[in-house]
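So the structure is just underneath, and the comments pick up after that.
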There are 2 protein chains.
Amino acid sequence: MSLRHTVRIRWHLDDAIAFGPGKAELLAAIRDCGSISSAARKLDMSYRRAWLLVETMNRCFDPPLVASATGGSGGGGAKLTEAGLAVLAAFDQLQANVAAVIEAGQPSFEQHVRKTLAD
Amino acid sequence: MSLRHTVRIRWHLDDAIAFGPGKAELLAAIRDCGSISSAARKLDMSYRRAWLLVETMNRCFDPPLVASATGGSGGGGAKLTEAGLAVLAAFDQLQANVAAVIEAGQPSFEQHVRKTLAD
């Protein structure tokens, strides 16, 4: 057993959460699955919730992060735009940079942690 | 209107959240108010919730972060131990370091944000 961290970074624009861990996870799933509905299934999220997250992102960013092909029964799939890929990559990089800073600060906490729990 | 970030860092030890933004806020309030009950009032938190957060912290750290003086009607006050002051300072420093990293990464997101919303 040991001390470990979690961190949640969010970007806010006006009253909207423009980007954060949930939206990053959804974008990665859309990239991998090719549609909002299959991405939602993969993440065990309702289609409605996934659609609302995409709608918020597309309202906050220009060009939009997700391009949907309409038409066909069940919709025509969705994919990340170049902007979508760039924002997702920037968020992954930011999370990695932040994790490195937190890990560098870990000894300041670890030295105070109860040893009988921590060992 | 502009892009801004929020971030929540948490330290986990086994199944417990050993430390995070809520516990840091509570420690600062106990330091300033001199008792768990008045700290809870200041933060608009129930005494029971504040007490449980202190109990979790004191279970995860050794020596404990909060020293309570028992006795007297309404309890005898509480203060941060040296360990409590050190952990709170380490968390504040960590939050400042992380905020600097996130601010340094902000242009990667800002360039993609919708201008009619952002300006």
Side-chain angles (χ1 to χ4, degrees), chain A residues 1-21 56-65 81-119, chain B residues 1-21 56-65 81-119:
Chain A
M1 210 204 64
S2 62
L3 194 65
R4 64 187 178 79
H5 81 267
T6 54
V7 59
R8 296 185 77 79
I9 305 164
R10 291 194 176 83
W11 290 109
H12 302 257
L13 195 67
D14 216 355
D15 293 336
I17 300 173
F19 211 78
T56 300
M57 282 188 269
N58 281 354
R59 187 160 42 83
C60 291
F61 292 91
D62 181 31
L65 304 190
T81 61
E82 274 187 41
L85 292 166
V87 168
L88 180 58
F91 196 75
D92 287 346
Q93 183 63 59
L94 185 62
Q95 290 196 123
N97 293 347
V98 163
V101 167
I102 296 176
E103 280 154 26
Q106 181 153 342
S108 312
F109 298 88
E110 207 137 42
Q111 64 176 308
H112 296 288
V113 166
R114 189 173 291 274
K115 296 298 177 289
T116 48
L117 260 178
D119 295 336
Chain B
M1 210 203 67
S2 62
L3 194 64
R4 63 186 180 81
H5 81 266
T6 53
V7 60
R8 295 186 77 79
I9 305 164
R10 290 192 176 84
W11 289 110
H12 303 257
L13 196 67
D14 215 353
D15 292 338
I17 300 175
F19 211 78
T56 300
M57 281 188 272
N58 281 354
R59 187 158 43 83
C60 290
F61 291 91
D62 181 31
L65 305 190
T81 62
E82 275 188 41
L85 292 166
V87 168
L88 181 58
F91 196 74
D92 287 344
Q93 183 63 59
L94 185 62
Q95 289 196 123
N97 293 348
V98 162
V101 167
I102 296 176
E103 280 154 28
Q106 182 154 340
S108 313
F109 297 90
E110 207 136 43
Q111 62 175 310
H112 295 290
V113 165
R114 189 173 292 274
K115 297 299 178 289
T116 49
L117 259 178
D119 293 336

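To find a chain, count down the sequence lines: A is the first, B the second, and so on, and within it residues start at 1.
Taking 4.5 Å as the limit, some side-chain heavy atom of A/Val113 sits within range of a side-chain heavy atom of B/Leu13.
Within 6.0 Å of CD in A/Glu110 there are more than 12 heavy atoms belonging to other residues, nucleotides or ligands.
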Would you be so kind as to tabulate the donor-acceptor pairs closer than 3.5 Å made by side chains of residues 94-104 of chain A, with sequence neighbours excluded?
{"residue": "A/Asn97", "atom": "OD1", "partner": "A/Gln93", "partner atom": "NE2", "Å": "2.9"}

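Taking CZ of A/Arg4 as the reference point, atom CH2 of B/Trp11 lies at 11.0 Å (rounded to 0.5 Å). Annotation: the span from A/Arg114 atom CZ to B/Asp14 atom CG amounts to 13.5 Å, rounded to 0.5 Å. Here CE of A/Met57 is found 14.0 Å from NE2 of B/His112. Values are rounded to the nearest 0.5 Å. Rounded to the nearest 0.5 Å, atoms CZ (B/Arg8) and CD1 (A/Ile9) are 13.5 Å apart.
Ring-plane geometry between A/Phe91 and B/Phe109 is classed as perpendicular, the angle between the planes exceeding 60 degrees on a 0 to 90 degree scale with a lower cut at 30.
With sequence neighbours excluded, no residue forms a side chain to side chain donor-acceptor pair (under 3.5 Å) with A/Gln111.
Scanning all heavy atoms of the two residues, the minimum distance from B/His5 to A/His12 falls at C-CD2, 4.1 Å.
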